[in-house]
K.L.:
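Sharing a structure below in C-alpha cells format, with a few things to ask.
All chains are named by letter (A, B, ...) in the order of the sequence lines, taking the proteins before the strands, and each is independently numbered beginning at 1.
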Amino acid sequence: MGFGDLKSPAGLKVLNDFLADRSYIEGYVPSQADISVFEALSAAPSSSLCHALRWYNHIKSYQKEKGSLPGVKKALGQYGPAGVEDTTSAGGDAADDDDDDIDLFGSDEEEESEEAKKIKEERLAAYNAKKAKKPALIAKSSILLDVKPWDDETDMVKMEESVRSVQLDGLVWGQSKLVPVGYGIKKLQIACVVEDDKVGTDQLEELITAFEDYVQSVDVAAFNKI
Amino acid sequence: MALRELSSLEKFLGLKKPHKYSTQGVKKVPLLQSNNGPALVGLATIASHLAKEAKKPELLGTTPEQRAVVQQWLEFRVTRIDECPREEIRTVLKDLNQYLEDKVYLAGNSLSIADPLLYYAIHHIVVDLAVQEKERYMNLTRWFDHIQHYPGVRHHLAPVVVLRNRVYTSCHH
C-alpha cells in the first residue's frame, strides 16, 4: 500500500493512476483519508496528471470542513494501490510527525519490517559464509590416457613433450610410461589430474589428437574420482 | 421510464408522500398535476420542482453559475440522451467523458440534481458497455461508479461493476 514518495514525480504518477477510476482515496465520500494524502502533497499536481489535479481541486474545496470529514487519519502507507512499496518509513519528513500520535497501525508495521529486514540480512550473510567455505572441496579426477602413435618410427619423446605441452587451467600432468603394444609399437600412458568443472576428457582428447604428426589416437584407459 | 426515475428521485430527496404522475403525448412526457396551479410538464421541470419541495434547493446549485450548469445538464439529458439514436451515443459519451475529466460532480463540488438524473439516463447505455469501452471513457466510468454508490441514488437500477483492466490502459492518457 502507499503511493511511494508523494513529493516525487513517480509517487504522483501512482496517485494519478489510482484516482483515474476513483473520486476519493477511500470509499465514495470525502474522508480523512483524502485529507491525509492532500496534506502530503507539496503543491497542486501538474495538469498532465489530470486525475490527480481533479481530485486535488475537489478536496481543496473542502478545506473548511477538514475536521468534520469522516474517518480516522492513518499513515500514508495505508492508502493507495496494493503492491506499491511503502516508502513512508524511509521518507521521514514533516508529514510523519503529525501522524505519530494517531499512527496506531502504521508504526508497528514499519518496525516489524525493519526487524525482518535485519534478520534476513543476517541469514544471508551466514549463508554466504557457508558457501565461501565450499571451494576447499573441488571435485577432482585422475585420468589415465593412452596415446597411440602411428608406427614404431614415431619419436615417443617428442610425442610426450607435445602431450605435456597441453596446458589447461585445472589440468596437472602426472607420471607417464611407455607400454609396448606389439610389433615394436609403444603407447604412451600418461596420467593427469583434472578439476571436473574446468576440464573434460573430450577436451583433452581433442587437444592431444591435434598433434597429428605424432598422435594417431587417444583413449581413456582409466578414470577415477578423487 | 421517466416515471420510475421520478419516484426514485423522490425517495432520494426524502419526500414522504409520492406524487401521482401521468404522461402526456406520444413521447410520454411526464406530467405532474399539482393541487393549486397548472400542471407541470417535463422531466427537468418536475425534478427542479421536487428539489425545492424537499427543501433541498442546494441540489439545484448554490451559485448562479452552478445553477445554470445544473439546468444545462438537465436539458442535455432530455434533449441529447433520451431520444439518442445509436450512432450518436458514442459522441455523447465522448463529450461527457471529456467534460468530466477535471470534475467530480457535474456541477461544482457537490452533488446536484443533475447527477442522479443523468445517471438514470445513461445507466442503460453504461450497463452494456464492454470493459474496453469503460476504460476508454475512464472519467465517465469513474463518475458513474461514484454516483451509483452515493447513498440514496441507486434504487431501481442494477449496479454496474467497474473493474480496472490494465490491458486497456493505453487507450487513455
K.L.:
Is it the case that more than 12 heavy atoms not belonging to Lys11(B) sit under 6.0 Å from its NZ atom?
P.N.:
yes
K.L.:
For Ala33(A), what residues pass the side-chain contact (heavy atoms from CB on, under 4.5 Å) criterion, not counting sequence neighbours?
P.N.:
Ile25(A), Glu26(A), Ser31(A), Tyr79(A)
K.L.:
Can you tell which part of Leu100(B) gets under 4.5 Å to a heavy atom of chain A, answering side chain, backbone, both or neither?
P.N.:
backbone
K.L.:
Can you confirm whether more than 12 heavy atoms, excluding those of Glu75(B), are under 6.0 Å from its CD atom?
P.N.:
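It does not: Glu75(B) CD has 12 such atoms or fewer within range.
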K.L.:
Step through the shown structure and confirm whether more than 12 heavy atoms of other residues, nucleotides or ligands are within 6.0 Å of CD on Gln203(A).
P.N.:
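Atom CD in Gln203(A) is packed in, count exceeds 12.
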K.L.:
Is there a side-chain contact between Tyr24(A) and His146(B), using heavy atoms and a 4.5 Å cut-off?
P.N.:
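In contact.
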K.L.:
Side-chain contact, heavy-atom cut-off 4.5 Å: Asn139(B) with His51(A)?
P.N.:
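Side chain of Asn139(B) against side chain of His51(A), heavy atoms only: contact under 4.5 Å found.
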K.L.:
What is the minimum heavy-atom distance between Met138(B) and Asp21(A), and which atoms define it?
P.N.:
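Heavy atoms only, the tightest pair is CE-CB, 3.1 Å.
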K.L.:
Which residues pass the side-chain contact (heavy atoms from CB on, under 4.5 Å) test with Asn109(B), not counting sequence neighbours?
P.N.:
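For Asn109(B) the side-chain contact (heavy atoms from CB on, under 4.5 Å) partners, ignoring immediate neighbours, are His58(A), Ser61(A).
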K.L.:
Please report the closest heavy-atom contact between Arg142(B) and Arg22(A), naming both atoms and the distance.
P.N.:
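Taking Arg142(B) first and Arg22(A) second, the nearest heavy atoms are CD-O, 3.2 Å.
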K.L.:
For chain A, find which of Tyr150(B), Phe144(B), Tyr105(B) contributes the most heavy-atom pairs closer than 4.5 angstrom.
P.N.:
Tyr105(B)
